[in-house]
Structures are given as structure tokens and as C-alpha cells.
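Fair warning: this is a prediction, and the values are worked out from it, not measured in the lab. These values consider heavy atoms only, across backbone and side chains, with no hydrogens, waters or symmetry-generated copies.
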Amino acid sequence: MATALWIVAALVAVAILAWRLRKANTTLETILRTERDRVDPVDDDTDESDDPAEEPHSVGRDRWHR
């Protein structure tokens with residue numbers, strides 16, 4: 001009788017664990033879906049560049065010798 005009780009207790013624990021993991025997975029999917037919807041689409045237009053880092057520049061002592 002005690003063995004049957006332990007088996008039933010283990011089955012209940014596994015069922016609760018599976019239910020909690022499934023609920024957590026659903027919550028995570030909802031959060032990730034919301035975050036994907038919030039992100040602005042990437043601008044693939046590379047013709048316009050206002051980034052000053054892409055302009056040519058001199059580094060070090062080379063600029064003093066010109």
C-alpha cells in the first residue's frame with residue numbers, strides 16, 4: 001500500500017511540474033512575441049549615411065606631416 005502511495009505522489013508531482021513548465025513556456029512565448037512586435041524594422045537603405053564614423057580621417061602623427 002505504501003508503494004502505491006509513493007507512486008501516486010510521484011505522478012502528481014510530475015503532473016504539477018509538467019503543468020507549470022507548460023504555463024511558463026506559454027508566458028515566455030507571449031513575452032517574446034510582444035518584444036518582436038515592439039522592435040522597429042531595420043532600415044536597409046545604405047545610400048544615406050549620416051554616421052561621421054564612416055568619413056575618412058587621419059590617426060596619430062600622420063596628420064601633422066601633411
Which side-chain N or O atoms in residues 21-32 pair as donor and acceptor under 3.5 Å with protein atoms at least two apart or in another chain?
from	atom 1	to	atom 2	distance (Å)
T26	OG1	R22	O	3.0
T27	OG1	K23	O	2.9
T30	OG1	T26	O	2.9

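- Residues meeting the side-chain contact (heavy atoms from CB on, under 4.5 Å) test with V8, sequence neighbours left out: V12.
- Cluster note: L11 groups with I7 through ILVMFWY side-chain heavy atoms spaced under 4.5 Å, whether in direct contact or through intervening members.
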